[in-house]
Amino acid sequence: MTASPGLQAEDRPDFERALHQALRTAEIREALGRSGSSGGTDIQRLRSQALVESEAIATAAAPEYAAYLRQRAAAAAAASTAPGPSAAAVSAAPTAPTAPTASAVRAAPFTTAGGRGLLPALAVLTPALAGASAAAFLLLGGLLRLSGSQRETADALLTAGLTSATIAAVTLAAGMVCLVVTAVRHRSSPPDRQPRPHRRPHAHPHPHPHPHPHPPSGSQPPYVWRRDDAAVATARDAWLRALLHRGILPFLRERLKMSHTLSRTSQKSEKGST
């Protein structure tokens, strides 16, 4: 005879969920109420005792657990050896237009930042520099003309000041016109609205306390649910039912019976002592 397989670490969460379901059954609740110990402390005590004896409890459903392990190993082996798409099929498949990558999206603003940022800078700096130059030239030219010396230099400075003032006025007017045109354009254009991703409706909870097992990690995306996976889910449900009805519930009944017997014995001993 082969020894029963021990409870694996990845199946202990299933054991704990089955234990939680057993503790919530009406039978266990009524038994706790009859013994006068329906509080959370007694439920935690039963849970701790069952977790300590998990290996012994799991042996009650050893045949179903062994069948579940065989089905799971077979499904994992089939998924790992499943051939992927051939190179010819991949090359023959029509290529769909792909979305721009994140690096391309990030690089796009920087490629046009130089051209777009130069004009606003010139529109701001040119009137300021031309106005400052015009003020300086006009001030120096006026002072030289008032002093009566170097009239040629004074006339040149005044001419340069008037030219700078003209440039400042023209560039300032051009900048204001560009600003108004840009504001009107942004106001008239509708905002870009990206389509929201379609959200899948929430699925209804599975009638069983345990969901189907996750697909094997070695499967090729996109994952296709196969007949092997349905067999794994069926074997898993069979193991959980056997574990609940032949392992966990009998263990809890026995522990409650022992606790009730001990409480009655202690009560009799107290009455005899009085």
Among Ile, Leu, Val, Met, Phe, Trp and Tyr joined by side-chain contacts under 4.5 Å, find the other residues sharing a cluster with Val52 and list them by chain and number. none

Closest non-hydrogen contact found for Ser80 with Ala77 is OG-O, 2.8 Å

Thr153 meets the side-chain contact (heavy atoms from CB on, under 4.5 Å) criterion, sequence neighbours left out, with Leu144, Gln150, Leu157

Give a yes or no on whether the backbone of Gly161 and the side-chain of Ser164 come within a donor-acceptor separation of less than 3.5 Å. no

In terms of ring plane angle, is the pair Tyr65 and Trp239 parallel, tilted or perpendicular, where the classes change at 30° and 60°? tilted

Under the salt bridge (Lys or Arg N to Asp or Glu O under 4.0 Å) definition, can you give me all pairs with a residue in residues 154-179, not counting sequence neighbours? Arg145-Asp155

Which heavy-atom pair separates Ala50 from Ile57 by the least distance, and what is that distance? O-CD1, 3.7 Å

Rounded at 0.5 Å granularity, tell me how far CG in Asp14 sits from CD in Gln8. 11.5 Å

Stepwise side chain to side chain contact (heavy atoms under 4.5 Å, CB included) check, Leu23 with Gln44: CA-CA 10 Å; Leu23 290 173; Gln44 291 297 328; over 6 Å; no

Taking side chain as C-beta onward, heavy atoms only, is Leu240 less than 4.5 Å from Arg236? yes

Under 3.5 Å, side-chain donor or acceptor atoms of residues 134-143 against the rest of the protein: list the pairs with distances, not counting sequence neighbours.
none

Look up atom CZ in Arg17 and atom CG in Leu19, then write down how far apart they are to the nearest 0.5 Å. 12.0 Å

Is there a side-chain contact between Leu46 and Gln49 (heavy atoms, below 4.5 Å)? yes

Minimum heavy-atom separation for Glu55 and Leu7, please, with both atom names. OE1-N, 3.3 Å

Find out whether Glu16 and Arg47 are in side-chain contact, i.e. whether some heavy atom of one side chain is under 4.5 Å from a heavy atom of the other. no

Show me the donor-acceptor pairs within less than 3.5 Å that the side chains of residues 122-133 make with the rest of the protein, sequence neighbours left out.
| unit_1 | atom_1 | unit_2 | atom_2 | d |
| --- | --- | --- | --- | --- |
| Thr126 | OG1 | Leu122 | O | 2.7 |
| Ser133 | OG | Leu129 | O | 2.9 |

Quick one: salt bridge (Lys or Arg N to Asp or Glu O under 4.0 Å) pairs with a partner in residues 167-180, sequence neighbours left out? none

State, with a plain yes or no, whether a side-chain heavy atom of Asp11 is found less than 4.5 Å away from one of Arg72. yes

Which residues end up grouped with Leu146 if you chain together Ile, Leu, Val, Met, Phe, Trp and Tyr wherever their side-chain heavy atoms are less than 4.5 Å apart? none

Got a list of side-chain donor-acceptor pairs under 3.5 Å for residues 243-254, not counting sequence neighbours?
| unit_1 | atom_1 | unit_2 | atom_2 | d |
| --- | --- | --- | --- | --- |
| Arg246 | NE | Ala60 | O | 3.3 |
| Arg246 | NH1 | Glu64 | OE2 | 3.2 |
| Arg246 | NH2 | Ala60 | O | 3.1 |
| Arg246 | NH2 | Glu64 | OE1 | 2.8 |
| Arg246 | NH2 | Glu64 | OE2 | 3.1 |
| Arg253 | NE | Glu27 | OE2 | 2.3 |
| Arg253 | NH2 | Glu27 | OE1 | 3.3 |
| Arg253 | NH2 | Glu27 | OE2 | 3.4 |

Would the number of heavy atoms belonging to other residues, nucleotides or ligands and lying under 6.0 Å from CZ of Arg12 be above 12? yes

I'd like to check the side chain to side chain donor-acceptor pair (under 3.5 Å) partners of Ser147; sequence neighbours left out, ordered by chain and number. Ser149

Could you give the side-chain donor-acceptor pairs of residues 169-177 under 3.5 Å, partners two or more places apart or in another chain?
| unit_1 | atom_1 | unit_2 | atom_2 | d |
| --- | --- | --- | --- | --- |
| Thr171 | OG1 | Ile167 | O | 2.8 |
| Thr171 | OG1 | Ala168 | O | 3.1 |

Residues in side chain to side chain donor-acceptor pair (under 3.5 Å) contact with Glu53, at least two apart in sequence or another chain: none

side-chain contact (heavy atoms from CB on, under 4.5 Å) partners of Ala67, counting only residues at least two apart: Arg70

